[in-house]
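What follows is one structure encoded as structure tokens, with my remarks underneath.
Chain letters run A, B, ... following the sequence lines, proteins first and then strands; every chain starts at 1.
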Number of protein chains: 2
Amino acid sequence: MRRRSRKPATAPRKLPVQARSARLVADILEAAVRVLEREGAQRFTTIRVAETAGVSVGSLYQYFPNKQSILYRLQVEEWDKTGATIDAILADAALPPAERLRTMIRAFFHSECEEAPLRNALDAATPDYHAAPESRAKRERSRAILAKFLAAAAPSASSSQRAHGAELVFITMTSVGKQLSERRPSHAEVNRTADAIAGMLTWYLAQLGA
Amino acid sequence: MRRRSRKPATAPRKLPVQARSARLVADILEAAVRVLEREGAQRFTTIRVAETAGVSVGSLYQYFPNKQSILYRLQVEEWDKTGATIDAILADAALPPAERLRTMIRAFFHSECEEAPLRNALDAATPDYHAAPESRAKRERSRAILAKFLAAAAPSASSSQRAHGAELVFITMTSVGKQLSERRPSHAEVNRTADAIAGMLTWYLAQLGA
DNA sequence: CTACGATACGAATAATTATTCGCGTTTGGT
DNA sequence: ACCAAACGCGAATAATTATTCGTATCGTAG
């Protein structure tokens, strides 16, 4: 447990060029997920990851500069996946805005619940991830997408009202989603909560332009 | 870092009987808070706590069976404090329900933000705290208080609707409060968010009995 | 005052950790 | 077939950790 330097690198130290090393990297990432789910964040260990992947620690360290970088890769992949889903739903002009919001929140909550063990372990293992610039950029993009959506959902609101609205939708959605996922709720319970939250947010947005 | 036994004890191993040992325990708890705030959860260490308190590790272990038990004591104290505040506000019959809810959420959010570094570190250091029976009991009591409040706030709702309402108020309040506290928001921003959340919840509760 | 339990101490122990490095093996182009 | 580079290995290293225990000091009851 050597002290981390001020800026823990996340970039791979060496890129896989042959097929076997590409497979090795893939195996390591897959094993990392399994270790997080089986053992939890506390017991997420380079040795355990290497063992689970069926490779040696030395090999692991040829493509990842440190333990953090493995978690970082997983975190980014995870975020990109759910981000794309959300964007697609919000942009679907065939549905009325309220319906889009409801569908999006349902999808988001279900996604959060499905990946709960992984995400919780990631959060516990990388508590400073939110300060990372890449994470900040991702959230900015999300807020931009939400703001565009609000132009349709609350057309008569001022732009500063819309900014506040986007902020509120974002914080409510993400925080309730996270907390909800920690309770292993039933499918029905997720839908009920999602619909309640979506209803409240819809009311709030309608309010904005009044 | 010996493997934790299946049930990590939280009860003190020995009760302080003389004045100096009572002071020692108090010093340790105070130092624990300082260490969490200064160093974070990752670097929260029995040795560091003892050093900061100006006592030796051995003394620490005479009154705390393990590291967890220190964090557990802090967690319980923290919870009791904000719980009492909330209960008092919700029970104040002099104000209309909507106003009570708004005041309570403002107070809760401000409290969350003030103690953010401590609470975040506690959460990171004791990720399994929510499974503890004592924590479960505390949440039950909160929900009971909320349910009683809902009898005044949504008198025409059925009892199962009220249960859902209490659940929604609880999860929304706690989750948004936690996430909000992680951004070091300004006083005004906290009030704005609290009022928006309180407004949405009030609308939702009014809805319930319609 | 005195003796005994309570208290305090902190070096020692045992476990676990992230990360490195030297050496053997495989690959792919020639 | 040959060889340089890429790859894979895992014991060794150095750091840090929680917790114990033998010993020394203190407080107080009698």
Interatomic distance, A/D80 atom CG to A/Q75 atom CD [nearest 0.5 angstrom]: 11.0 Å
Distance-only donor-acceptor test (3.5 Å): side chain A/R20, base C/dT26: yes
Heavy-atom side-chain proximity of A/L95 to A/I89 below 4.5 angstrom: no
Min side-chain heavy-atom separation B/V190-B/E112 under 4.5 Å: no
Nearest listed nucleotide, side chain of [X], among [options]:
X     : options                : value
A/Q18 : D/dG10, C/dT27, C/dT19 : C/dT27
B/S56 : D/dT19, C/dC9, D/dC7   : C/dC9
A/K67 : D/dC9, C/dA18, C/dC9   : C/dA18

Phosphate-side-chain proximity, [X] and [N], N/O vs OP1/OP2 below 4.0 Å:
X     : N      : result
B/S59 : C/dC9  : yes
B/Y61 : D/dT20 : no
A/R48 : C/dT17 : yes

Let me know the distance between [atom1] of [X] and [atom2] of [N], rounded to the nearest Å.
X     : N      : atom1 : atom2 : answer
A/Q68 : C/dA18 : CD    : P     : 11 Å
B/R23 : D/dG27 : CZ    : P     : 14 Å
B/E51 : D/dA18 : CD    : P     : 12 Å
B/F44 : D/dT19 : CZ    : P     : 11 Å
A/I70 : C/dT17 : CD1   : P     : 14 Å
B/R43 : C/dT17 : CZ    : P     : 18 Å
B/L24 : D/dT25 : CG    : P     : 18 Å
A/I47 : C/dT16 : CD1   : C1'   : 8 Å

Sugar-phosphate only, base, or nothing, as touched by A/V17 at under 4.0 Å among non-hydrogen atoms: sugar-phosphate
Sugar-phosphate only, base, or nothing, as touched by A/F64 at under 4.0 Å among non-hydrogen atoms: nothing
Closest-nucleotide ordering on DNA chain C, the 5'-leading residue of A/T46 and B/S21: B/S21
Whichever of B/T45 and A/Q62 has its nearest DNA chain D nucleotide further upstream toward 5': A/Q62
Of B/I70, B/T45, B/V49, the residue whose pairing with B/V35 passes side-chain contact (heavy atoms from CB on, under 4.5 Å): B/V49
Heavy-atom donor-acceptor pair, B/R100 side chain to B/D92 backbone, under 3.5 Å: yes
